[in-house]
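Here the structure is a predicted model, which is why all the values come from computation and not from measurement.
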Amino acid sequence: MTTKTDELSVGIGGTGVPDLADVAGHWVGADEIAHLPSLRNQRGQAHVNHDLTSLSWLAAPPFTFGYHTGELRVDGQVPAAQRFLWKPWGVLREHRGADGLLVTTDTRMALNRDLLLWRIEVTNDSAEARTVELTQDLFAMAAHSDVGYGWLYDGPWNHGTHHDFMALERIRATTGGGEPHYLLSPASRRLRLGKPRIPGIQRDEDHGPMLLDDALPAHVSHDKPPEPRAGVAGAVRGLRVAGADGEVILRAADEPIPLTPDGETTLAPFALSPGLTIGFELRLDAAGQSGTVLTHGNHPDSLQIGVEDGRLWLGITGEREFTDAELPVGAWRRMRIQVEADHVVLRLAGAEIARTRHWTESQRWTSRVEDGTVAFADSRSPARAVHAFAGPPAELRATGAGGRATWTRRIEPGGRVTLGIVCAYGADADAVSAQARAAAADFEVTARAGEDGWRRLWANIFTPGNPDFSGHLPTFTTEDAGLARTYYMGALQALYLRNTRIRPGEPVFLTGGPRLGPTTTYFWDHCEWSRLYALLEPAGLRAWLLRVLAGPYRDSFGVENLSGGPLGNAYSSTDYALFRLIEHYVCVTGDFAFLDETTGGSTVLAHLERLGLGWRERRNPATGGVLADFGDDPWQLLECVPTYTGVVASFNGAYVASTRSLAGLYRRLGRTEEAERTEAEAGQLAAALVDLYAGSGRWRILRPDGTDTIGHCLDFGLVAAALHRELPDGTRREMADFVNDRLLVGGWMRALSPDDPIAAASDRPDHGAAGAFAAWPGVTAHGLARLGYRDRATALLRDLSSAASGGLWGQAMEIVTGPDGRHRAQVAERGTAVRDNIAGAAGAEAVLSALFDINPTFATGDTAPLPTALSVEGVGTLTQLGPVS
């Protein structure tokens, strides 16, 4: 165990459930954290930024906020946060200046309320009295919508609502004195003429490495009609792109390039840079057209030129500037785009017709001062917001879409001043104003109520018969502080991702965020904590499964819980994930009547059979005809590993387990012949799977066009879980040694062995060689224990908390090298990785499965309820485990 983990874990677990403050978070410096902390309040989510007060990515459906909420200035300067402290109820940010001023802010989303709170404290640690001017910029670009909440959920921009990940991240990067400009993407992108592709596929090429930095499929919800995507009828000629120095970067052929509503012409890639110009002549062949003429890349933040009802518009970085310029049909007109660091200009025949504006100059939202508050209104939705203050500002003004509050305070040596700001939001202006005023008038009580509420939820997680959950989790008592921290942090991960507003009366556990998915649950991520889920929220899991099974789950990777609709593309993991969730729900609760429920036109049992025997319809004579062949689309398996297609060991191992489980269920139901036949089929699958073993802990991949060998933790985890009894001793030893020697590192692990030939083309910190997904250490620990290496499983689980970057585990935990030359893991920020992920609860799940051997399955035929307590020597004791009512 690392020294850091020892320091964090002192006193944890020895007396049972620890205090929530001891489980949650510790101070981390800005130089040691990549992904900044999040906020959640059981109904919404948000991200803190690099400054001391602003928030971005705020989504509490049906409300979303655009851009950010405004920075704090101290004597005219914006201090950057130097360190952060995350707690479930809020985030502290701190800046200590060379002049002796210490500024500490506490930012909160009030529990179960549409309310934000900021406490600002300024302490004078110098020897002289100081007069300090504090100025808080106030923005509340709030919108209201009941649709558009996919994984890439809609956010508000000046001209409408859509998801623009890259643009909003560049705006966030300007906070705290960061990047001065946000307009231009640094990426090299192809210039395209004609019909744009669906934005969200963050790649210009159809093939190539699937890197988290630039690969993000358009996983949007289906409850909102997509924006029409068409080119125009016309032509472009004389196209020329030049840099600031006049050097030509791109020149198209002299002859006209035809444009059609459904066509596309792709030209060479280049990056936008200050001083760059794009010149061309445009001819439109029909009046009143709407469509795209030119786009730099196919991303939501791309530079674009188009027409709407025949009138030209200019778009870039989430915004569009519309013009009154209408081109005469059939005539050539010279156009010129001039790109600068902070604006883009469109000229027609030499005359400026459009110029982009800074986001703070929005025309969509309005603000006004009302009796000591600042009220905001959205012109495109009923969303309203109000800022109010605990301690009135000396000056309060509203300008356009925003506002500004200013305080001037004298602080004696050793003295301190404290300010409070609230922002309420909703759809009823009077109710929002009343809530903001009441919260400001009783600021400290309001803030304390949120903290007390989180502590109540934490206590109730481990309390039988509590009013907040339909079940509870067992209490883990142990002298091993590292194991205790992993278990209790996993429990907190589940609580933190809980949402009680999306489905009234049915608590939902989200997959991730805050930058993505405020209503989304992935099937695969959910199954990584299925035992805990069945123990904690059996009624919620039952209801969720009935909803999911009623939809086209085989064609999607998850569900958008607000609309209830499917989301994303098909995942090869879906059969495994949903089978395991059903199996663990029934076996943990004893609710076998659930199998007779009808949903989606079939009984749950019929769905279970379809899932568990899914290999039957996936067999391919070209790859042996026995094991399941998952096809040639890598996006359906590991996304970032291009060679991981066809017959792979991992999910075939899962099919072995599910087929055996069904055989046990058939015996329970008296279907003896089916049980025997299914058991025999499982044996055939297992034998064929063992033949895939390539030695040294690696597994072969079979495809119609050839084979590969790979060393991936997913193959290890699922095969070890399913075939631990029939694998030869030598194979089990090699598999365990492979994990120890090639994957485990820095208190965490790599998903893919770094010496794999495909590693260079799979540079993602979730499924590639750069790190590992939040669930993989738990899955790996379970596999180690099943292979007979419980000591190694214990050692792996003991140290996981050191990787959590001062909070909880994220989707991708990246391996980095510290100044001391030692490896460590941190929550990855680069690309589209999300800060929070429910699969991080897999560590706690593995404490139950790997160390206490709680592995409910139909296969054993044992349906006895869990004991009330379990003890394992050298591990600890679980109490209040069962039975579950």
Side-chain angles (χ1 to χ4, degrees), residues 145 147-148 154 156-164 190-200 218 220 224-240 252 255-267 277-339 344-357 362-364 379-381:
S145 177
V147 299
D154 286 350
W157 298 85
N158 278 313
H159 80 277
T161 58
H162 63 273
H163 189 92
D164 195 334
R190 290 189 176 276
L191 193 65
R192 301 176 185 277
L193 304 177
K195 180 181 179 180
R197 298 184 175 197
I198 298 173
V220 297
K224 176 185 173 183
E227 179 182 343
R229 307 203 174 280
V232 296
V236 164
R237 71 182 183 189
L239 190 146
R240 178 178 176 272
E255 58 269 15
I257 301 173
L259 304 176
T260 64
D262 294 320
E264 176 195 56
T265 298
T266 303
L267 304 175
T277 59
I278 304 174
F280 59 94
E281 288 186 86
L282 173 65
R283 186 195 72 218
L284 296 180
D285 292 344
Q289 297 187 73
S290 294
T292 301
V293 173
L294 171 152
T295 177
H296 178 247
N298 61 302
H299 307 54
D301 66 337
S302 292
L303 171 65
Q304 291 188 330
I305 301 296
V307 293
E308 183 168 300
D309 296 328
R311 290 177 170 81
L312 289 163
W313 55 260
L314 164 68
I316 190 171
T317 309
E319 316 289 11
R320 284 188 184 177
E321 298 291 338
F322 294 88
T323 79
D324 292 326
E326 187 170 4
L327 301 186
V329 173
W332 290 100
R333 289 292 185 268
R334 188 68 190 170
M335 306 188 68
R336 180 182 173 89
I337 306 165
Q338 181 179 335
V339 176
V344 177
V345 174
L346 175 63
R347 288 185 168 84
L348 176 63
E352 180 178 317
I353 60 171
R355 177 184 291 258
T356 63
R357 291 169 284 191
S362 171
Q363 305 300 300
R364 174 172 173 174
S379 63
R380 288 176 169 261
S381 82

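- Note that CG of L267 is 5.5 Å distant from CD1 of I257, once rounded to the nearest 0.5 Å.
- Of all non-hydrogen atoms in S302 and H296, the two that sit nearest each other are OG-O, 2.9 Å.
- R192 and T266 are linked by a side-chain donor-acceptor pair at a separation below 3.5 angstrom, with hydrogens and angles left out of the test.
- Taken from CZ in R311 to CD1 in I353, the straight-line distance is 12.0 Å, to the nearest 0.5 Å.
- The shortest side-chain heavy-atom distance between H163 and P300 does not fall under the 4.5 Å cut-off.
- In this pair, W157 and H162 present their aromatic rings parallel. The plane angle is below 30°, not in the 30 to 60° band.
- Atom CG of residue D154 and atom OG1 of residue T161 lie 4.5 Å apart, to the nearest 0.5 angstrom.
- Counting only heavy atoms from C-beta outward, the side chains of L327 and L348 approach each other to under 4.5 Å.
- For residues 316-325, the set of pairs meeting the side-chain hydrogen bond (donor to acceptor under 3.5 Å, both in side chains) definition, not counting sequence neighbours, comprises Y67-E319, N158-E319, R170-T317, E227-R320, E321-R357.
- Nearest approach of W332 to P256, heavy atoms of both residues: CH2-CB, 4.0 Å.
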Mind listing the side-chain donor-acceptor pairs of residues 277-287 below 3.5 Å, one per line with the distance, residues two or more places apart or on another chain?
from: E281; atom 1: OE1; to: R237; atom 2: NH2; distance (Å): 3.4
from: E281; atom 1: OE2; to: R237; atom 2: NE; distance (Å): 3.1
from: R283; atom 1: NE; to: D285; atom 2: OD1; distance (Å): 2.8
from: R283; atom 1: NH2; to: D285; atom 2: OD2; distance (Å): 3.2

| request: Report the C-alpha separation of L294 and Q304 in whole Å, then their side-chain angles, then the decisive distance to 0.1 Å, and conclude whether the side chain to side chain contact (heavy atoms under 4.5 Å, CB included) test is met. | output: CA-CA 6 Å; L294 171 152; Q304 291 188 330; over 6 Å; no

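- With rounding to the nearest 0.5 angstrom, the OG1 atom of T265 is 12.5 Å from the CZ atom of R190.
- Of the charged side-chain nitrogens involved, none lies within less than 4.0 Å of a carboxylate oxygen, so that E264 and K195 do not count as a salt-bridged pair.
- Expressed to the nearest 0.5 Å, how far CG of L314 lies from OG1 of T356 amounts to 6.5 Å.
- Interatomic distance, CZ of R229 versus OG1 of T295, reported as 10.0 Å (0.5 Å rounding).
- Among pairs with a residue in residues 330-339, none fulfils salt bridge (Lys or Arg N to Asp or Glu O under 4.0 Å), at least two apart in sequence or across chains.
- Put simply, the side chain of I337 reaches to within 4.5 Å of the side chain of L303, judged on heavy atoms.
- Looking only at side-chain heavy atoms (C-beta outward), V293 and L193 stay at 4.5 Å or farther from each other.
- Residues P196 and N298 are not in side-chain contact: their nearest non-hydrogen atoms beyond the backbone lie 4.5 Å or more apart.
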